[in-house]
Every structure is written in C-alpha cells, then in structure tokens.
Amino acid sequence: MDANLPAAIGFLAEVRQDSARPPEPVFAARAFRARWHERTADRSLHTVLLHFGAPDEAYAREAGRTLVFAGELYNRDELLGLLPGRVLPGSDAALVIALFDVYGIHAFRLLNGRFAALLADRERAVAATDHAGSMPLYVSVAPGQVLAATEAKALRGAAPRGRSFPQGRPFPQGRPVRRRPGICQVPAGSVLDIQVSTGLCVAHRTWTPPAARRILPEDEAVDTVRRALERAVRSRTGPGTPLVVLSGGIDSSAVAALAAHRSAGPIDTVSMGTDQADEFAQARVVARHIGSVHQEITVPTGDLLRGLPHAVWAAECTDPDVIEYLLPLTALYLRLGDTRNDGDPGGDGDTGGDRGTARRILTGYGADIPLGGMHRESRLAQLDTAVCHDMDTFDGLNEMTPTLSAMAGHWSTHPYWDRDVLDVLVSLEAGLKRRHGRDKWVLRAALSDALPHEVVVRPKLGVHEGSGTTSSFSRLLTDAGIPKGFVRQAKRLVVEEIYDQVVVEGRHPDEVALDAVVELISERAAHHPHPIPR
Ligand code: ATP
Ligand code: MG
C-alpha cells in the first residue's frame, strides 16, 4: 500500500439477515476494488471497498465485530494513548474497532478525521460520519437489511425503494436524497445505531459547531490559530511530497507555507486558470516565496463548463453555488495527470497493482465558513450571524467530499475543516475575524511571518470568481436565450437536471449532453417565466 494515501476512499456495505448479495455498485471515486462476504450466526456482511492497494487496512475484525473504514484519522497519537497495555493497532480501522471495544459508540466522539464507517456488531449496524460529514455517507434501512455507501449512486439498484418510515426516513435527522425515497444521508458528526432485525435507528451527535464565543487577547488568538493550523497541516501531509492546490489567496497560501515549513524538500503546488481569468501571478508570488515546484494549468472555458456533469456526479449536490466553487477544482483534479490504473475496471475483484501517480492533495478550502470570509461584512453582529448560519447549513452540501479528487484517482484533504481547527476558528469572537479593517484578520496575522506582506493582506477572491466560472456559466445561459433575471434560477435547474441524469438515473457524466440540458431549461424558461423546479 502507498503509505502516503489512506487505505480506502469509499465503500458499499450491506448487513442483512439473509445472505443475498447486493448488485455491483457504481462509484465516481476511482480506486481498486475489493469484495468481502462474511456470514455469522446472526447476519451476513457484504462489502465492496475502494482502496489504494491494502484493503485489509480498511477492514478490521475484533470480538465478533467487523468495521469497514474509509478515510483517515488525524489524532492517532492521542487515540493510541487511550489504549494502554494493548497491542497497538496498526491501521486506522484497527484503532477504531479497538476504541469501540472500550467506548462503544462514544468512540466516534474521540475521532478527529475525514472518514465514513460501518460497523457490524452481531444484531447491530453502526454507521458513522466524521465531525463535518466530510466524507458523505448514505444509508438505506429496512427490517432485516441495512445498506451504507459513501456515494448515493452506489445504492442505486441495491436499496429497497420507498420504505414505510415516517417522512420516508428511518430516523428523524436523516437528510432525504432527492428523488431517491428510502435513501437518506447520515448527518455530519453523527453515529447511527441500527437494530438490523427491526430497522430501528437511533442517531447520536458526535460533534456540533460551538455556539459560544471565546474572547482572547490578539496575541493569544493568533498563536492558537497558528498552532492548530500547523498541527492540522502536519497530520495531513503524510510521508511523501504533498501537493497544495494554490490560488495565492491567504487560505491556500497559509496551507502551502506551513506544509513547506515541515517538508525536508520542496513541496508541489499547482494553480488553475481559464482563458477568461486566472490568479497565476498571485500564486507565483507564493510559490517563489516558499520554494515550491509550481505548475499552472489553463482550462478552456468550454471544457470547464463541460465538466459540470462530472462535478455534480462526484459531489451529488444540487446547490448551484457549491457546484460553481467545485467546478474549477474538478477541472484541476482531472488534469493533474493520468492516474487511471484501477486494476479492476470490469469488477473482477483484482486487488493488486500500483496506482503510481495518485497524489495526496491539501487545499485551503473551507476557511471562509468559520471565519465569515465570504460575507465581506464589517458589522460584527451580522458577521457572527453569517458564521452561525453557514455552520448550521453546510451539512448535506458535500462541499468537502473527497470524491471530487477521487474521481481523478487522488486523495484530497482540507486542514481548515480539521475538527480542532474548526473548534478554534468558529468559537473566536467576531471581532477577531474582522479587525483593523481586514476580513479573516486572525488568520492573516497568524501567517504574517510566513508569507510576503502582499499575500497576507490580499483581499479575498473566491475560486468561482478568480477562475471566471460564475460569469462563464451565466454567459452559457444568456447565450442560450435565458433572460438575465432568470439566470440564478436557471443555474439551479441545470444542476438539478444533471443531478437527475447522473445520480438518480445512473447515467455516466460523459453521456450527459450539456447543450441539450441548457436547451431544455431555456425552453422551460421561455414557456414559464417562473418555472417551478420539478
Ligand atoms: P481567499 O479565500 O482569501 O481567496 P483562497 O483563494 O486560498 O483564499 P478560496 O478562494 O476560498 O481560498 O478557494 C478555496 C480553495 O480552492 C483554495 O484555498 C485553494 O486550495 C483552491 N483554489 C482556489 N482557486 C484556485 C486556483 N485558481 N488554482 C488552484 N487552486 C485553487
Ligand atoms: Mg481565493
């Protein structure tokens, strides 16, 4: 296995009382596939695992339990300290199952990671997300049958349709999946405790965004942020050379600078731009300063927009704003180099081979949510209201999903959404976020010795703006005859139509004709000035 990558990046697992096998699932994430089938007196467990060469590391058995674990942990050392006298577990999966033996479902409250997990424990199935639900997890539950998968589309054809649960959900907190009755998304920071025979589910929260605000002297706040971010970057860089997707904005520049500090040799950085817009000059300043091996990738706007079906397929999201943020990154990941070495494209169970070019990628994604950076708001009450709102509503958008890069065979991780970084950033009082006339002040101050002054004070430019994605998408629609005042709504309809094709109906994104989708929405706009989304 490549020690630079997590053992697994996705799965479908089914616990059932009979021993029927689920059909072969479709995933957008690309990796080797391994399959297991185990039968005990109480139940059978089928697993299809997406892995990087060592599937056993993502599959742990102890005391009659089996754990399937995709993703990775960032506080292994702390966790190992909780298991004195034990043979120390090697893999993250083994560590979690050992903790479960001691703490039960409370083990999931201890974890700082980017993961999704399914544990089969005799008559019980336990499904868990990380604190931020950064690896999406979907379940379908019926008496005698529990399915869990890291992509909703993987449950297509496997999940029983339209169960008779109240509001179509097996538990009240479950997020329904558009046009897929019977499937719901496990909320961020949750563990579902499911009785397999009855399908009875109880959800427990393992993390919630802090609601209280800490008042700290400037120096202490700056120092706390710096240390938390350093730790998060350190725990994510792995033994190889990390690659940072770099815009030259403060968020990704901070990650790149901290990754470079702890790296023996130069790190890799890459920037994307389009024929319409780029931030190449800004990124170059940072690359030069930290001495990275830097690459620029220019994507023609037409190609960028033709990636819309891929972004929706990977993120399984219908929010057009989120898709606009994710589209340039999708284009970037898909061009990082051909990593197509699946070993098992036909699904024959091969688990060997070498992925070779799969990269560990660090991003600066998500810093604006706890810091209120998107809001360009100087009034502190309104800024904190925006932070509260964004922290209350991020769940289910799948902005952080690793599938975006996994579609191109890579593993991505976001230091700002480390559990401990998030706890620090969210809880700082708003006056530390907006201060001395600057947004994200505390972050800028925390990096002032590590980056050139012009980078530290550079105003925010969103990835959708800096790449011209928002304006190009708008132009695609107005060129098709959609009135300017309807563009926002039309973007939503385009994204929903694509979602229906690739997630609900199971089409491959290469088969989606974007022009035909735009034409369809444009016709609807012509006939109904205020069309109602279906
Ligand atoms: P700021 O928010 O201050 O602009 P930023 O550019 O680093 O900082 P975002 O604009 O929010 O952050 O973008 C989110 C993340 O997406 C970035 O941190 C970076 O990792 C990645 N990213 C954004 N634009 C590009 C780009 N042009 N090339 C490569 N990666 C990018
Ligand atoms: Mg930016």
Side-chain angles (χ1 to χ4, degrees), residues 229 232-233 236 242-259 267-287 290 292 294-299 301 304 311 315 321-336 359-376 390 394 399-402 404-405 408 410 412-418 421 425 433-434 438-447 450-451 454-470 472:
L229 194 57
V233 169
R236 278 166 177 75
L243 171 68
V244 179
V245 283
L246 177 69
S247 65
I250 184 64
D251 307 347
S252 48
S253 301
V255 169
L258 296 179
I267 66 160
D268 293 332
T269 50
V270 61
S271 295
M272 74 79 66
T274 66
D275 46 33
Q276 300 293 313
D278 65 60
E279 296 179 75
F280 287 160
Q282 293 90 322
R284 250 176 251 154
V285 172
V286 178
I290 64 172
S292 62
H294 186 61
Q295 191 191 351
E296 292 169 356
I297 296 177
T298 301
V299 182
T301 298
L304 177 82
D321 294 336
V322 169
I323 294 300
E324 278 186 359
Y325 309 150
L326 299 184
L327 185 56
L329 294 170
T330 306
L332 173 58
Y333 295 144
L334 287 170
R335 284 162 181 78
L336 276 182
R359 295 300 306 257
R360 168 174 286 273
I361 301 168
L362 274 69
T363 84
Y365 204 92
D368 292 296
I369 302 173
L371 291 172
M374 298 289 279
H375 296 282
R376 295 167 175 138
D390 289 353
F394 74 83
E399 262 189 273
M400 309 290 162
T401 179
L404 214 61
S405 58
H410 306 291
S412 59
T413 173
H414 315 297
Y416 291 100
W417 275 61
D418 180 271
V421 171
L425 294 182
K433 302 178 185 180
R434 176 92 204 179
R438 293 206 195 290
D439 62 5
K440 299 190 271 194
W441 175 83
V442 69
L443 175 64
R444 296 179 192 280
L447 272 297
L451 289 165
E454 65 181 288
V455 179
V456 170
V457 300
R458 179 166 294 147
K460 183 189 171 58
L461 189 64
V463 54
H464 54 307
E465 303 163 314
S467 56
T469 302
T470 296
S472 304

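When a ligand or atom number is given, it counts from 1 through the structure's own listing order.
In summary, no N, O or S atom of V463 is located under 2.8 Å from the Mg ion (ligand 2).
Looking at E296, K440, Q295 and measuring to atom 1 (P) of ligand 1, the nearest heavy atom belongs to K440. The heavy atom nearest to atom 21 (C) of ligand 1, out of those in L329, I297, L443, T363, is found in L329.
Not a single donor-acceptor pair under 3.5 Å links the side chain of R236 to the backbone N or O of L362. Of the possible donor and acceptor atoms, none in the side chain of T363 sits under 3.5 Å from a partner among the backbone N and O of V245.
The shortest N or O to N or O distance between S271 and ligand 1 is not under 3.5 Å. Residue contacts with ligand 1: K460 is placed with a nitrogen or oxygen under 3.5 Å of a nitrogen or oxygen of the ligand (distance criterion only). On a distance-only criterion, V270 and ligand 1 share no N/O pair closer than 3.5 Å. Taking only nitrogen or oxygen atoms, main chain and side chain alike, E279 does not reach within less than 3.5 Å of ligand 1. Residue contacts with ligand 1: S247 is placed with a nitrogen or oxygen under 3.5 Å of a nitrogen or oxygen of the ligand (distance criterion only). The distance criterion of under 3.5 Å between nitrogen or oxygen atoms is met by V245 with respect to ligand 1.
Side-chain contact between V299 and M272 is present, with at least one heavy-atom pair separated by less than 4.5 Å. Between I267 and I290, some side-chain heavy-atom pair lies under the 4.5 Å cut-off. Contact check for L229 versus Y416: side-chain heavy atoms found under the 4.5 Å cut-off. Side-chain contact check for D251 versus L371: every heavy-atom pair is 4.5 Å or farther apart.
Summary of contacts: the protein heavy atom closest to atom 12 (O) of ligand 1 is D251 OD2, 3.4 Å. Given atom 14 (C) of ligand 1, the protein heavy atom at minimum distance is Y365 CD1, 3.8 Å. In this structure, the protein non-hydrogen atom closest to atom 13 (O) of ligand 1 is V463 CB, 3.7 Å.
Annotation for ligand 1: atoms under 4.0 Å from non-hydrogen atoms of M272 are 26 (C), 27 (N), 28 (N), 29 (C). Close contacts between ligand 1 and I250 involve ligand atoms 3 (O), 8 (O) [criterion: under 4.0 Å to a heavy atom].
If you check the side chains of H294 and T269, you find a donor sitting under 3.5 Å from an acceptor. Side-chain contact annotation: S252 with S247, donor-acceptor N/O pair under 3.5 Å present.
Within the structure, the closest approach of G462 to ligand 1 falls below 4.0 Å when heavy atoms are considered.
With a heavy-atom cut-off of 4.0 Å, L246 touches ligand 1 through its backbone alone. Heavy atoms of L332 found under 4.0 angstrom from ligand 1 belong exclusively to the side chain. Contact annotation for L461 and ligand 1: only backbone heavy atoms (N, CA, C, O) come within less than 4.0 Å of the ligand.
The pair K440-D368 meets the salt-bridge criterion, with a side-chain N (NZ, NE, NH1 or NH2) lying under 4.0 Å from an Asp/Glu carboxylate O.
Taking CG of L334 as the start and CG of L404 as the end, the distance is 8.0 Å to the nearest 0.5 Å.
Taking the six-membered ring where tryptophan is involved, the planes of W417 and F394 are perpendicular, since the angle between them exceeds 60° and thus also 30°.
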